[in-house]
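A short write-up of the structure that comes next.
Worth saying up front: this structure is predicted, and the values here are computed from it rather than measured. We name chains A, B, ... by the order of the sequence lines, and we start the count at 1 in each one.
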Protein chains: 2
Amino acid sequence: MPRPRSVSPARLAAAALAVIDRDGLAGLSMRAVAAELGLTTMAVYRYVADRDELEALVVEEVLRTLDSTPPAAQPWAEQLRILVERVRATVGRHPGVVPLLVSHRHRSAGVLRWSETVVGILHGAGFDGTRRVIALRGLLSYVIGALQLEHLGPLAGPGTATIATLAGFPRLAETGQEAGAVAPDDEFAGGLAIVLRGLAR
Amino acid sequence: MPRPRSVSPARLAAAALAVIDRDGLAGLSMRAVAAELGLTTMAVYRYVADRDELEALVVEEVLRTLDSTPPAAQPWAEQLRILVERVRATVGRHPGVVPLLVSHRHRSAGVLRWSETVVGILHGAGFDGTRRVIALRGLLSYVIGALQLEHLGPLAGPGTATIATLAGFPRLAETGQEAGAVAPDDEFAGGLAIVLRGLAR
DNA sequence: ACCTGAACACCGTTCAAGT
DNA sequence: ACCTGAACACCGTTCAAGT
């Protein structure tokens with residue numbers, strides 16, 4: 001007698017995401033997700049082949065809310081800026097997922113949707129062939145790196161500025177001090193502006 | 001009767017690096033490093049407080065060979081390019097270490113040395129205050145992101161191009177095809193050139 | 001068909017003991 | 001002071017069994 005599935009993929013992903021949001025990525029385990037759903041550990045394997053697949057589900061759950069539709073007609077650099085800022089806003093709601101985003105980016109439908117739109121904008125801006133490849137990868141590199149610098153901050157201990165002072169790196173210490181006065185939003189936007197300016201030749 | 005230490009921190013780091021180079025970062029464990037040195041697992045704890053400290057040692061071992069001395073006098077963008085390319089060359093010899101570089105960057109003496117030189121070049125180029133903070137973080141973001149895109153490639157399965165074709169992302173599929181013709185060196189250098197151009201206003 | 005429970009081969013780490 | 005060996009609390013995952 002077939003029993004009905006007690007849990008949907010979406011509910012599984014939501015449970016895993018709840019674990020990550022509460023206990024961090026380190027807290028994610030098959031056992032923790034099962035407990036979150038009130039199931040035994042092995043019941044989870046009814047819905048997912050292994051941990052890797054569970055992680056992929058979490059990434060899709062997060063990117064499900066990412067709007068990848070092309071922005072309204074306006075200068076192409078501004079369109080790209082909007083798309084990149086959308087990623088940051090979406091991912092920023094679940095910082096623990098950032099490392100998963102990096103490792104699962106290749107197979108993620110959400111990343112593909114977003115990339116397709118970005119490539120379309122680049123094409124409209126006259127980018128083709130090698131130039132377009134490099135532009136896309138350059139943008140991706142910045143986004144992935146910046147998100148990690150922002151969310152995988154120092155887990156504990158003194159900041160870079162303090163360390164640099166002690167270790168005798170005066171200029172870096174000074175820059176570290178000044179960094180405290182820069183809001184994360186401005187830092188991300190500022191770095192992005194640099195990339196977009198460089199893209200515009 | 002005190003016994004002499006049988007292993008130096010450098011030898012410990014070298015053993016851990018050998019494990020990573022051979023079996024990947026997933027193969028790194030206290031037990032594997034102990035076996036590499038012909039010791040029991042717990043002997044490793046004589047030299048390192050925990051796994052985190054072992055990882056930090058590996059990062060320093062890799063960055064020990066990173067030349068962070070300022071390049072000869074020449075346009076500042078070219079000096080920055082040289083420093084960034086040095087990082088890529090050094091890290092490229094041990095791709096498995098890339099994730100450790102990301103998580104340990106704050107406490108790494110090697111990263112601090114490199115950053116101090118970069119900040120010095122930025123200062124000489126007239127960057128100060130918020131602009132310099134954003135320039136340093138922007139460069140770091142690109143480097144970290146690009147190294148990960150390069151080395152944490154798809155672990156298995158078809159590439160992005162194939163997936164995109166199947167999933168109905170025509171422009172992305174086309175770009176994926178073209179990406180095959182771009183050498184990793186050119187891709188990294190091209191992205192870096194974009195960032196440096198953007199930095200130069 | 002869905003779920004359970006025991007078990008296996010791994011982890012990092014603590015602790016008490018040996019030389 | 002350095003090293004060992006057993007043990008604990010975790011992992012992901014396999015397998016045989018229950019309903």
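Under the 3.5 Å distance criterion, the side-chain polar atoms of A:Glu116 are matched with a main-chain donor or acceptor of B:Arg171.
Taking 4.0 angstrom as the limit, A:Tyr47 places a side-chain polar atom (N or O) nearer than this to OP1 or OP2 of C:dC3.
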Seminar exercise, completed: In B/S/- notation (B base, S sugar-phosphate only, - none; protein heavy atoms under 4.0 Å), nucleotides 7-14 of chain D written 5' to 3' is B---BBBB

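Legend: residues meeting salt bridge (charged side-chain N to carboxylate O under 4.0 Å, His left out) with B:Arg51, ordered by chain and number and at least two apart, are B:Glu55. B:Arg31 is linked by a side chain to side chain donor-acceptor pair (under 3.5 Å) to nothing, counting only residues two or more places apart in sequence or in another chain. Considering only residues two or more places apart in sequence or on other chains, B:Glu60 meets the salt bridge (charged side-chain N to carboxylate O under 4.0 Å, His left out) condition with none of them. Residues meeting the salt bridge (charged side-chain N to carboxylate O under 4.0 Å, His left out) test with A:Asp67, sequence neighbours left out: A:Arg86. Under the ring pair (Phe, Tyr, Trp, His ring centres under 6.0 Å) criterion, B:Tyr45 pairs with no residue at all, not counting sequence neighbours. For A:Glu61, the salt bridge (charged side-chain N to carboxylate O under 4.0 Å, His left out) partners at least two apart in sequence or on another chain are A:Arg64.
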Contacts table for residues 118-129 of chain B: side-chain donor-acceptor under 3.5 angstrom, sequence neighbours left out:
residue  : atom : partner  : partner atom : Å
B:His123 : ND1  : B:Asp128 : OD1          : 3.4
B:His123 : ND1  : B:Arg132 : NH1          : 3.3

Donor-acceptor contacts, no H, no angles, side chain residues 70-78 of chain B, under 3.5 Å, sequence neighbours left out:
residue : atom : partner : partner atom : Å
B:Gln74 : NE2  : B:Ala72 : O            : 2.9
B:Glu78 : OE1  : B:Arg81 : NE           : 3.1
B:Glu78 : OE2  : B:Arg81 : NE           : 3.4
B:Glu78 : OE2  : B:Arg81 : NH2          : 2.8

Exercise. How does DNA chain D look in dot-bracket form if you count Watson-Crick and G-U pairs under 3.5 Å, write [ ] for pairs that cross, and put | where a base pairs with another strand?
Worked result: ||.|||||...|||||.||

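Here ring pair (Phe, Tyr, Trp, His ring centres under 6.0 Å) pairs that include residues 79-104 of chain B, with residues two or more places apart or in two chains, number zero.
The stretch residues 11-23 of chain B does not touch DNA chain D, since none of its heavy atoms comes less than 4.0 Å from the strand.
For B:Leu39 and D:dC2, the CG to P distance is 13 Å, given to the nearest whole Å.
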